[in-house]
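First comes the structure, then the notes that go with it.
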4 protein chains.
Amino acid sequence: MTDPRKPNPARRSERSRRAILDAARELISELGYAKVSIESIAARAGVGKQTIYRWWPSKGAVIFDSFLALSEGEEGMRLPDTGDLEADLKTVMRATVAEFADPAFEAPIRALNMEIIGDPDLAALYRDKLARPVDEAKKARLRSGQQAGQLAADADLDLVLEVLYAPLHQRWLHRSGPLTQEYADALVETTLRAFSP
Amino acid sequence: MTDPRKPNPARRSERSRRAILDAARELISELGYAKVSIESIAARAGVGKQTIYRWWPSKGAVIFDSFLALSEGEEGMRLPDTGDLEADLKTVMRATVAEFADPAFEAPIRALNMEIIGDPDLAALYRDKLARPVDEAKKARLRSGQQAGQLAADADLDLVLEVLYAPLHQRWLHRSGPLTQEYADALVETTLRAFSP
Amino acid sequence: MTDPRKPNPARRSERSRRAILDAARELISELGYAKVSIESIAARAGVGKQTIYRWWPSKGAVIFDSFLALSEGEEGMRLPDTGDLEADLKTVMRATVAEFADPAFEAPIRALNMEIIGDPDLAALYRDKLARPVDEAKKARLRSGQQAGQLAADADLDLVLEVLYAPLHQRWLHRSGPLTQEYADALVETTLRAFSP
Amino acid sequence: MTDPRKPNPARRSERSRRAILDAARELISELGYAKVSIESIAARAGVGKQTIYRWWPSKGAVIFDSFLALSEGEEGMRLPDTGDLEADLKTVMRATVAEFADPAFEAPIRALNMEIIGDPDLAALYRDKLARPVDEAKKARLRSGQQAGQLAADADLDLVLEVLYAPLHQRWLHRSGPLTQEYADALVETTLRAFSP
DNA sequence: CCGTAAGCGAGACGGTACGTCCGGTCTTTAG
DNA sequence: CTAAAGACCGGACGTACCGTCTCGCTTACGG
């Protein structure tokens with residue numbers, strides 16, 4: 001017996017769903033998170049407000065889903081593995097730095113982060129759907145390095161990831177310092193020293 | 001010639017200022033950042049809305065100031081220095097972990113972080129008024145450890161601080177893992193190994 | 001060739017029709033006209049909204065029909081004819097007063113009147129289907145009185161009916177005075193005096 | 001001690017009040033009662049919705065007040081008194097017929113009547129503020145006729161008014177017959193015959 | 001020491017957006 | 001092919017706050 005108050009997902013309009021997620025992403029890029037309203041998303045998407053409220057519990061959830069939709073195809077994500085862990089990590093970290101520097105990415109990702117910080121449910125969803133797959137790919141590369149003797153065999157890979165990425169992420173979030181390639185390199189070197197065999 | 005539109009700070013009512021900052025902090029603790037409105041702050045403080053708008057440019061600024069007011073007396077902050085850098089850092093990190101675990105601190109600090117992430121001006125203010133003094137105290141202890149040969153002489157102390165604190169901060173912000181004393185210890189050990197002489 | 005947009009009455013579900021009309025009357029009694037929506041009628045009747053829109057052009061039409069259904073059997077309506085016109089009219093008028101006093105009748109009839117006032121089409125339908133049969137029965141009794149010399153031979157019976165009923169109806173609609181049996185009697189007496197031979 | 005939830009009438013903006021009442025009357029004339037929304041009134045008046053909700057409990061109340069505002073100046077209403085009651089009443093009744101024929105009056109008055117029928121509070125207000133003054137003026141003329149021996153000395157003037165006006169009013173409300181000057185005359189003659197000395 | 005200009009509480013104002021309800025249309029599935 | 005179910009677009013509802021704007025009223029200078 002299903003709860004009659006819940007909408008029936010089978011009848012959901014795919015056209016509307018896409019229009020809403022697209023509109024959400026566009027508006028966030030154009031106006032910034034705070035100035036985007038559910039009304040403006042509905043208007044831009046050519047959709048009734050109720051259609052948004054029927055399927056999402058909050059503005060944050062819509063925005064979150066608009067990100068999820070973006071990264072839908074990237075299932076089999078894989079990091080470079082040249083055999084040189086330090087070089088590979090630097091490549092990846094520099095790419096992350098570049099991403100943060102791109103204003104088209106900046107605004108929406110920042111908006112997503114604000115949402116996540118304030119909403120535990122969204123945070124959990126974020127970890128499951130967006131962060132974990134990426135982290136697993138990174139840990140796969142780290143494990144490969146571990147087997148190659150470039151990392152301590154007993155290193156806690158989650159901790160390694162945090163030491164590697166958290167400083168970068170924090171600098172970006174708080175704008176507390178420049179995000180340069182040198183900084184990315186320094187973080188890689190520091191992390192590898194900390195977890196050297 | 002003074003601008004007639006700018007209020008005269010000399011006439012400012014200290015009673016109102018305190019009432020507003022207190023009300024802001026209380027409401028944030030009770031309701032969380034998002035549900036606190038300027039109107040509710042004014043009502044709780046027994047103050048006209050205009051009195052808030054006269055002295056603060058935004059809700060974020062009020063909340064920020066309410067924090068500033070708290071840490072006003074702590075000017076001469078000083079970290080313990082027993083000569084054992086690792087032990088001292090663990091003491092401090094464990095204290096930070098305890099702070100994050102206290103729900104009375106949690107909500108307001110989280111609110112402050114959300115504000116800072118979204119508002120560059122506030123972020124700058126935060127760094128100057130709140131973060132820098134604390135960081136300087138921490139760096140002073142690190143420098144002392146450096147002179148004692150417990151840290152590489154050429155270590156970039158800002159980077160050390162980031163490696164030490166950012167993972168903890170990120171875990172808390174994203175609720176991506178448990179904040180335990182063991183975790184605090186592990187971060188200290190990892191950091192010291194990374195920057196060992 | 002039939003118009004494909006028009007539903008085929010032959011296929012109409014009698015079960016649904018009754019359920020809708022019953023639900024409409026019940027809801028009007030319970031909530032009053034203004035608070036009854038087509039959605040609530042459909043829900044109460046266990047019927048899709050489309051089934052209502054397929055067969056009725058407006059909420060008013062549904063409500064109107066729900067009345068029509070009630071008075072379906074009363075085709076051969078007939079007023080008492082004891083030979084004493086005044087006595088017979090008083091009997092009928094007192095019955096009308098009693099009807100208006102019954103709250104179970106009050107709400108729906110009031111709703112019907114509001115609909116009729118605002119919608120000329122409905123008003124025409126009302127006159128044809130509901131008012132005329134009753135009025136004809138009344139005029140039959142008046143005509144009988146006319147032949148008995150209790151009413152002027154040239155009296156306009158439509159006018160007589162209006163003078164007799166309109167004051168009562170207006171008092172009820174506007175709640176501008178008490179609806180008592182004395183009042184009913186007074187109207188009969190007044191009318192008979194006005195149209196005495 | 002005043003109820004703090006009630007707005008302070010002293011601060012009320014006269015400009016807004018007039019703009020709202022004017023907009024309401026205009027829109028009713030243009031669109032009819034059912035199609036006028038509070039939002040459209042607010043928009044037309046250049047006023048925030050809250051300003052309407054602050055001072056009126058319902059759409060009906062606004063529309064009612066817009067009528068009240070119209071008849072504000074007509075305090076000392078007085079009917080013609082030529083000494084010939086029948087002639088004077090015919091003059092007045094014909095004027096009423098003409099009013100009902102004017103489409104500019106028709107729509108708003110009809111709207112007002114629908115409101116009154118459905119809302120007892122509004123009905124009471126209507127009787128006190130709009131109907132009573134007019135009725136008193138009419139009764140004054142009737143009383144004068146009574147003293148001149150043109151009306152039975154013991155006639156209940158309220159009843160006289162009802163017999164005189166209710167048929168006309170009902171015909172108009174239900175559109176159940178033509179509103180002609182002959183009809184007006186017939187009503188006057190009928191009424192005077194019913195209440196002749 | 002007194003007028004006057006400021007800050008103050010209160011709260012009305014024009015607005016924007018909220019989240020809900022319903023109108024009327026359209027689509028899917030079952031019978 | 002009808003009917004139920006219910007999603008859809010649209011738009012009004014009544015509420016909450018926004019930031020601005022008077023109101024009187026204290027309160028503290030400055031002539």
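Keep in mind the model is a prediction, meaning the values are calculated, not measured. A, B, ... follow the sequence lines: proteins, then strands. Residue 1 opens every chain.
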State whether D/Trp55 places a side-chain N or O below 4.0 Å from either non-bridging phosphate oxygen (OP1 or OP2) of E/dA12.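 For D/Trp55, the contact criterion (side-chain N or O under 4.0 Å from OP1 or OP2 of E/dA12) is not met.
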Rounded to whole angstroms, how far apart are [atom1] on [X] and [atom2] on [N]?
| X | N | atom1 | atom2 | answer |
| --- | --- | --- | --- | --- |
| C/Arg54 | E/dG24 | CZ | C1' | 13 Å |
| B/Ile52 | E/dA10 | CD1 | C1' | 13 Å |
| C/Ile41 | E/dC22 | CD1 | P | 11 Å |

With A/Arg44 via side chain to side chain donor-acceptor pair (under 3.5 Å) - residues at least two apart: A/Glu26, A/Glu30
Could you list the residues that satisfy side chain to side chain donor-acceptor pair (under 3.5 Å) with A/Arg110, not counting sequence neighbours? A/Glu106
Sugar-phosphate means primed atoms, P, OP1 and OP2; the rest is base. With that split, encode nucleotides 10-20 of chain F 5' to 3' as B, S or - using protein heavy atoms under 4.0 Å. B-BBBBBBBBB
Nucleotides 26-31 of chain F: protein proximity per nucleotide (B base, S sugar-phosphate only, - neither; heavy atom, under 4.0 Å): ------
On the six-membered ring of A/Trp56, is A/Arg12 placed so that its NZ or CZ lies under 6.0 angstrom from the centre and within 45° of the ring axis? yes
Tell me every residue that passes salt bridge (charged side-chain N to carboxylate O under 4.0 Å, His left out) with D/Arg25, counting only those two or more places apart in sequence or in another chain.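 Scan of D/Arg25 (salt bridge (charged side-chain N to carboxylate O under 4.0 Å, His left out), adjacent residues dropped) gives D/Asp22.
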As a test of reading the structure: which of F/dC8, E/dA12, E/dG9 is closest to the side chain of D/Asn8, going by heavy atoms?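 Minimum distance to the D/Asn8 side chain belongs to E/dA12.
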Please give me every residue in residues 12-32 of chain D whose heavy atoms get under 4.0 Å of an atom in DNA chain E, ordered by residue number. D/Arg12, D/Ser13, D/Ser16
